[in-house]
2 protein chains.
Amino acid sequence: MHKPTIQDVARLAGVGVGTVSRVLNNHAAVRDSTRQSVLSAIRDLDYTPNPHARRIAGGKSYTISILLPVVTTEFYVRLLDGLESAFQEARYDVAIFPLLDRSRLERYLGSHTLAYQADGLVMATYNLTQMFTENRLRHQQPMVLVDAYAEGVDCAHMNNHLGGVMAGEFLARQEGHLYAVWVETELDQIFTSRVFEERSSGFHQALKAAGRTVSAEYVSSFDLHAARSAATRLLDCAQFPAVVFASADLLAGALLDEAQARGLTIGQDLKVLGFDDQPWAQARGLSTLHQPVEAMAYEAATLLLSRLAGYRGPPRVRTFEPRLVLRSSTGPGS
Amino acid sequence: MHKPTIQDVARLAGVGVGTVSRVLNNHAAVRDSTRQSVLSAIRDLDYTPNPHARRIAGGKSYTISILLPVVTTEFYVRLLDGLESAFQEARYDVAIFPLLDRSRLERYLGSHTLAYQADGLVMATYNLTQMFTENRLRHQQPMVLVDAYAEGVDCAHMNNHLGGVMAGEFLARQEGHLYAVWVETELDQIFTSRVFEERSSGFHQALKAAGRTVSAEYVSSFDLHAARSAATRLLDCAQFPAVVFASADLLAGALLDEAQARGLTIGQDLKVLGFDDQPWAQARGLSTLHQPVEAMAYEAATLLLSRLAGYRGPPRVRTFEPRLVLRSSTGPGS
DNA sequence: TTGTATGCGTTATCAT
DNA sequence: ATGATAACGCATACAA
């Protein structure tokens, strides 16, 4: 009772292995009647091709490696959803490599490791520019960056600068003192992305254009404790009415918590705009910038698939734009 | 400039491919001098065997699949560390499959998918009993459960019942009103583990033995917002001095936060015992139950490796015990 | 102890 | 359009 092979299918269908392989890979040159009999044989035996043998013989394993940081946030769950659905449609398998720390990154980069045996590579949210310039990344197979940008590779990324501009333009129209909370990016970390720098630059650009200035800015690391502490610091010193751009919903949520604990009226004393549109944002009435994460991920997958299908053109860049979602946390204002 | 193969190594070392294969697989019957020359050829060419070819030829790919829920928490990071270090020592590669939802589980269980092409399987924290009895899991390759238990398979798991007992026995000796906070387990979820039920049963057993009763119990889902809300509810109605068993450090941390916000003296008005010993627990003075997660994971890997090495004996169960770590959150008490 | 030949499951290149 | 058959990179049985 071994796993059925292409031989078994060929025998049952009464054809040669070549023909079976042809229907498996959609090599048009096969009569429709024989195709049907092969297909039914495949069904009968519950046959699935051995990816290892495929890789050896044809150079393809129909497997994609996805390298991403820890899957902590909703963001990565959505990212994976978009990626996996696209690859699944194309009948590609997916292996996920969570890069929890630098040593794991080094390990996976070891060019012999499993991740590099895949047909293609998806890298998420790394600041890979350095690694490219240092030529540390010798990828023999096609690759795509998602939620990240680097020269010379296909990229699908979010226009975080624009997101900052949108936040700035909207908040500039609100009355009150302006504040901002940013996420701290550790400089020595490979995992550092530039998204918050970009949001910040867009935000300041828009404010400058509107002739407004920020009263104070705060920085927090990306966890709830730090976020709460930043919220406390902000509200301790803030003048009201206060208008705050929290560059991540996590930060905005903590601000809402702390404000409620102090009995502030949200949307009035304090207006808060987040960034992410996390699932709970709607329930809490948080105005925020929604990111089309699934669409971005799907597009990234599509870019990679086109390379796997033989596309040889220059690197392509797909940019996605956040969308302003207004709820009660910024008040009833238009 | 193709990737070097076993042929290239053989040629450079001036031996046959069989010999190279033998040194690769530690088949003792090879003279030490030739072994050395082969080894140096391998180094010179930076050769690494192709796992797909190995799988085809010898039936082994030297790859382990790890199936786990989310990689969100500190617990799983530590688990992965223990697992990966053990497998790495044995020169096995690791592919991680985060099963974020049920559909992904179904997909990976598709018996043809990549996860099932590995030499061995590690499953973490699932309540797999059902799936085994329903015979939904047709695993042809060896497998081990970590942080979970089921009949008929090798398991390495934490004695959560004992942890509950230890918590109960310790807290029963404290003066004040007793409270507990549990983590909500969704019944229809495959991902539901039984750890909190077990902690609860141990806790109540110890309390009963000590002749004490719980004033009130609370339930929270496993996120910081819910935890904070549970803390609020608890402290709103609690009588002081209060003694609380928070069945996860996440819950305990939120309780500490809320208590501090209310100006309570921790360790006196309110005593808190957590469960997990997260990295921040020491800094915050949280008394808690430390789990030897890495050791458990390492042992799980060892069990699996022994199967891969040919062990055919009956299923083995390895149980690990939490350790009570007393800090300031439970006061100066002995 | 070591080299050679065969087979693993598949794709690709031939013929036909 | 389809059936043989040669690779692919490796492990292994067999021969030397």
Side-chain angles (χ1 to χ4, degrees), chain A residues 2-39 41-42 45-63 91 93 112 114 116-117 119 140-141 308-310, chain B residues 2-39 41-42 45-63 91 93 112 114 116-117 119 140 308 310:
Chain A
H2 67 298
K3 199 168 180 283
T5 74
I6 198 171
Q7 307 273 1
D8 301 322
V9 176
R11 200 175 310 124
L12 182 61
V15 300
V17 289
T19 305
V20 178
S21 178
R22 272 182 283 263
V23 337
L24 244 33
N25 299 282
N26 293 321
H27 283 231
V30 46
R31 195 189 307 152
D32 196 61
S33 62
T34 57
R35 171 188 303 276
Q36 292 310 324
S37 68
V38 167
L39 251 29
I42 288 180
L45 282 84
D46 191 26
Y47 164 80
T48 47
N50 181 326
H52 303 289
R54 291 186 117 174
R55 173 76 180 180
I56 282 219
K60 299 187 196 176
S61 60
Y62 293 90
T63 300
R91 324 208 83 244
D93 233 328
H112 69 285
L114 200 75
Y116 269 54
Q117 304 286 352
D119 296 345
Q140 44 282 72
Q141 67 277 79
L308 294 174
Chain B
H2 68 297
K3 197 165 181 284
T5 75
I6 199 171
Q7 308 272 1
D8 301 322
V9 176
R11 200 175 310 125
L12 181 62
V15 300
V17 291
T19 306
V20 178
S21 179
R22 273 181 282 263
V23 337
L24 244 32
N25 299 282
N26 293 320
H27 282 230
V30 45
R31 195 189 306 152
D32 196 62
S33 62
T34 57
R35 169 188 304 276
Q36 292 310 325
S37 67
V38 168
L39 252 28
I42 288 179
L45 283 88
D46 192 25
Y47 165 79
T48 47
N50 181 326
H52 299 101
R54 292 185 113 175
R55 174 77 181 178
I56 283 220
K60 300 187 197 176
S61 60
Y62 293 90
T63 302
R91 324 209 83 245
D93 233 328
H112 69 283
L114 198 78
Y116 268 53
Q117 304 286 351
D119 296 345
Q140 43 283 74
L308 294 174

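Letters A, B, ... mirror the listed sequences (proteins, then strands); counts begin at 1.
In this structure, NZ on A:K3 lies 8.5 Å from CG on A:D46, to the nearest 0.5 angstrom. Here the CZ-CD1 distance, from A:R55 to B:I56, works out to 12.0 Å after rounding to the nearest 0.5 Å.
Partners of B:A57 according to the side-chain contact (heavy atoms from CB on, under 4.5 Å) rule, which considers only residues two or more places apart in sequence or in another chain, do not exist here. The ring pair (Phe, Tyr, Trp, His ring centres under 6.0 Å) search around A:Y62 returns A:Y92, not counting sequence neighbours. Considering only residues two or more places apart in sequence or on other chains, B:I6 meets the side-chain contact (heavy atoms from CB on, under 4.5 Å) condition with B:V17, B:V20, B:S21, B:L24, B:Y47. Every residue was checked against the side-chain hydrogen bond (donor to acceptor under 3.5 Å, both in side chains) condition with A:N50, not counting sequence neighbours, and none meets it.
A side-chain donor from one of B:S61 and B:D119 sits under 3.5 Å from a side-chain acceptor of the other.
Residue pairs meeting the salt bridge (Lys or Arg N to Asp or Glu O under 4.0 Å) criterion with at least one partner in residues 9-38 of chain B, sequence neighbours excluded, are B:D8-B:R11.
The rotation axes computed at either terminus of the helix from C:dT1-D:dA16 to C:dT16-D:dA1 lie 50° apart, taking five pairs at each end and rounding to 10 degrees.
In this structure, A:I42 places its CD1 atom 16 Å from P of C:dG9, rounding to the nearest Å.
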* Nucleotide by nucleotide, 5' to 3', does protein get under 4.0 Å of the base (B), only the sugar-phosphate (S), or neither (-) in nucleotides 7-16 of chain D, counting heavy atoms? -> -BBBBBB---
